[in-house]
Undergrad: 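Submitted below is the structure of interest, expressed as structure tokens.
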Amino acid sequence: MPKLPPPPIPPALKPPPKRPEEGNGKLTPLDTAAEAGTSVVNWVDERTSLSGAVRWMMFRKVPKGTNWFYTLGSATMFAFLSQAITGVFLAMYYRPDVSGGAYESIRYVTNDVFLGSFVRGMHKWGASVMVVLVFLHMGRTFFFGAYKYPRELNWVIGVVLLILTMTMSFTGYLLPFDERAYWATIVGVNINGTGPLIGPYLSDFLRAGPEFGATTLSRFYAIHMMLVPGLIAALIGAHLYLVAKLGTTAPPWLKAKQDPELKKTEA
Amino acid sequence: MNQRQKEEYLREYGILKSEGKPFFPYAVAKDSLMACIVMLVIILASLTLGVELGAKANPATTSYEPRPEWYFFFLFELLRVIKPPSVVPLATIGIPTLCMILLFLLPFYDRGPERRPERRPIATLTGIFVIGAMFYLTWSGAHAGSPYALEWKTPNAVIKAGPAAVAKFEAGRKAIASTGCEACHKIGENGNPGPGPPLTEIGARIPAEGIARTLVNPTAPMPSFKGLPAKKFEDIVFFLSHLK
Ligand code: HEM
């Protein structure tokens, strides 16, 4: 690209190029401040060597033809982050107590806490958005044949993420402990119980015993707040590692321009 | 894919990738815009649709029709539409389990090198069919009652006895639907045919006290229901004693 000529500034007004060695060779506090960002990054990098990883993640190439369908995965991740953040705020008020505490704490959040019903609404509808996005993302990878060699493992991790996402919404549904939550969960757990082999054990595990009781709620609470989100976060990490390692697919209908050199050797 | 096809794919992919753009800032810009849209949708949904908190959960109520979150409708609906009782356990867990296994193993049985959707007709059509089925089941699930809904016409004898009796009968109907009797008993068209005997005409066979005694002190494998709240227990007995 041709360079534009410098703007016509009178020479007297031109700022002299600054160098730290100028003057008595010491950095003025201003110089130090101007360099602060770089120094911090250098300081951290000298101790962690993370810059390589960041460069590897951020400056990898995405193939030609990458389109909007490829944003669905990161959109899902973003929805998960939103769930995590709004969830933390809800957890500041929530009490897993069947004898009324759970219901009261949610009622308190909904009616009395500043922006409480807004945050609760974001968490509730964010769950729907995340489920929709997971399915759309799965559809994209399915129809693009992105699960084929060499990305089989990433598909398998994805299916686990899908199950975990559904588990989140199933366990979260009970927590407000209103009528709807209670009865829908009882039916859900009973359906689990009719399953083959592990069915009865699974529903016993969820109920924390043969009866639906006080421990059931704390169990759902622990699963919803610690176990599954931790697993999801870890698996998203593995999923993204593989995405960066293998690269995202090109759209299936794209053909590479044949390298003329290669063609010669092939013929 | 055999070794040659794998190498061919990797080479082709290598060229396409080298012709592409760096992830930062091109893909990141798209992803960020998408993230903003997602955020906006969530915020708008929260503002316009809001949240609700129903009545406090009460194990003694009998008037509640359980309903899951909408994205589980298709599972509930599967449970409802598949009525032939011998396949009900199959429908509830069997079909979803099978689908999960098929989904998990997809990359291991669909190993062909072709990736274009229009040249993989079986995969593409199956995918479209599954999506269509899920849409259909979700839609019909949204318009239907709960899976263990118990459809039963209120008998004339009860209607004659007055509104209190009708309400009690109705409460009993819902109590049975939410207590899981239908897992083992057939009541009219509803429920499984075994292991318990059908209760369709139980009122003609056993008097109310007999039914109550059975519920408190049943023969295995039927569990005892003496732990139920008294009102719910009475409603169930009332309902059953009017099935004639
Ligand atoms: C919490 C849920 C998930 C998150 C956060 C997530 C995130 C991502 C991201 C950011 C990518 C990069 C490319 C793109 O965005 O399309 C990706 C790729 C991929 N994902 Fe997911 N994903 C999730 C669930 C799933 C599910 C349910 C499946 C399928 C069963 C799946 C299968 C794949 C595959 C095969 C790729 C590679 C696609 C390619 O290389 O073109 N993921 N995922």
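Numbered from 1 within each chain, the chains take letters A, B, ... in sequence-line order.
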Undergrad: Donor-acceptor pairs are to be reported for all side-chain atoms of residues 32-45 of chain B against protein atoms at under 3.5 Å, with residues two or more places apart or in another chain.
TA:
| residue | atom | partner | partner atom | Å |
| --- | --- | --- | --- | --- |
| Ser32(B) | OG | Val28(B) | O | 2.6 |

Undergrad: Between chain A and each of Gly20(B), Gly112(B), Pro107(B), count heavy-atom pairs under 4.5 Å; write down the option with the most.
TA: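 Top count of heavy-atom pairs under 4.5 Å with chain A: Pro107(B).
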Undergrad: Examine whether an atom of Tyr9(B) lies under 4.5 Å from a heavy atom of chain A, and if so say whether it belongs to the side chain, the backbone or both; otherwise answer neither.
TA: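 Side chain only.
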Undergrad: Looking at Val134(A), Leu136(A), Val129(A), which one forms a side-chain contact (heavy atoms from CB on, under 4.5 Å) with Val132(A)?
TA: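 The passing option is Leu136(A).
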Undergrad: So for Phe108(B), is it side chain, backbone, both, or neither that comes closer than 4.5 Å to the heavy atoms of chain A?
TA: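 Contact with chain A is through the side chain of Phe108(B) alone.
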Undergrad: So which of Asn111(A), Val131(A), Leu162(A), Val156(A) has the largest heavy-atom pair count under 4.5 angstrom toward chain B?
TA: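 Sorted descending by pairs with chain B, the first entry is Val131(A).
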Undergrad: Name the option with the most non-hydrogen atom pairs under 4.5 Å to chain B; the candidates are Ala75(A), Gly65(A), Ser117(A).
TA: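 The answer is Ser117(A).
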Undergrad: Which bit of Tyr103(A) comes within less than 4.5 Å of chain B, counting heavy atoms only: side chain, backbone, both or neither?
TA: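 Looking at Tyr103(A), backbone and side chain both touch chain B.
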Undergrad: Please flag which part of Glu52(B) lies under 4.5 Å from any non-hydrogen atom of chain A: side chain, backbone, both or neither.
TA: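 Interface part for Glu52(B): both.
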Undergrad: Side chain, backbone, both or neither: which part of Tyr13(B) has a heavy atom under 4.5 Å from chain A?
TA: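 Tyr13(B) touches chain A through side-chain heavy atoms alone.
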Undergrad: Identify which of Val98(A), Thr248(A), Leu72(A), Leu133(A) forms the greatest number of heavy-atom pairs closer than 4.5 Å to chain B.
TA: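 The answer is Thr248(A).
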Undergrad: Within this structure, what is the CD1-CE distance for the pair Ile131(B) and Met134(B), rounded to the nearest 0.5 Å?
TA: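 Interatomic distance, Ile131(B) CD1 to Met134(B) CE, rounded to 0.5 Å: 8.5 Å.
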Undergrad: Looking only at heavy atoms, which two atoms of Asp97(A) and Ser99(A) are closest? And how far apart?
TA: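 That would be OD1-OG, 2.8 Å.
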Undergrad: If the threshold is 4.0 Å, N to carboxylate O, is there a salt bridge linking Lys148(A) and Asp110(B)?
TA: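 Looking at Lys148(A) and Asp110(B), the cut-off is met.
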Undergrad: I'd like to know if Arg4(B) pairs up with Glu8(B) as an ion pair, taking the criterion as any Lys NZ or Arg NE/NH1/NH2 lying under 4.0 Å from an Asp or Glu carboxylate oxygen.
TA: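 Looking at Glu8(B) together with Arg4(B), the answer is yes, because their closest N to O distance falls below 4.0 Å.
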Undergrad: Is chain A contacted by the side chain of Arg119(B), its backbone, both, or neither, given a heavy-atom distance below 4.5 Å?
TA: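 For Arg119(B), neither part sits under 4.5 Å from chain A.
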Undergrad: Would you compute the distance between atom CZ of Arg173(B) and atom CZ of Phe239(B) and round it to the nearest 0.5 angstrom?
TA: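 If we round to the nearest 0.5 Å, Arg173(B):CZ and Phe239(B):CZ are 7.5 Å apart.
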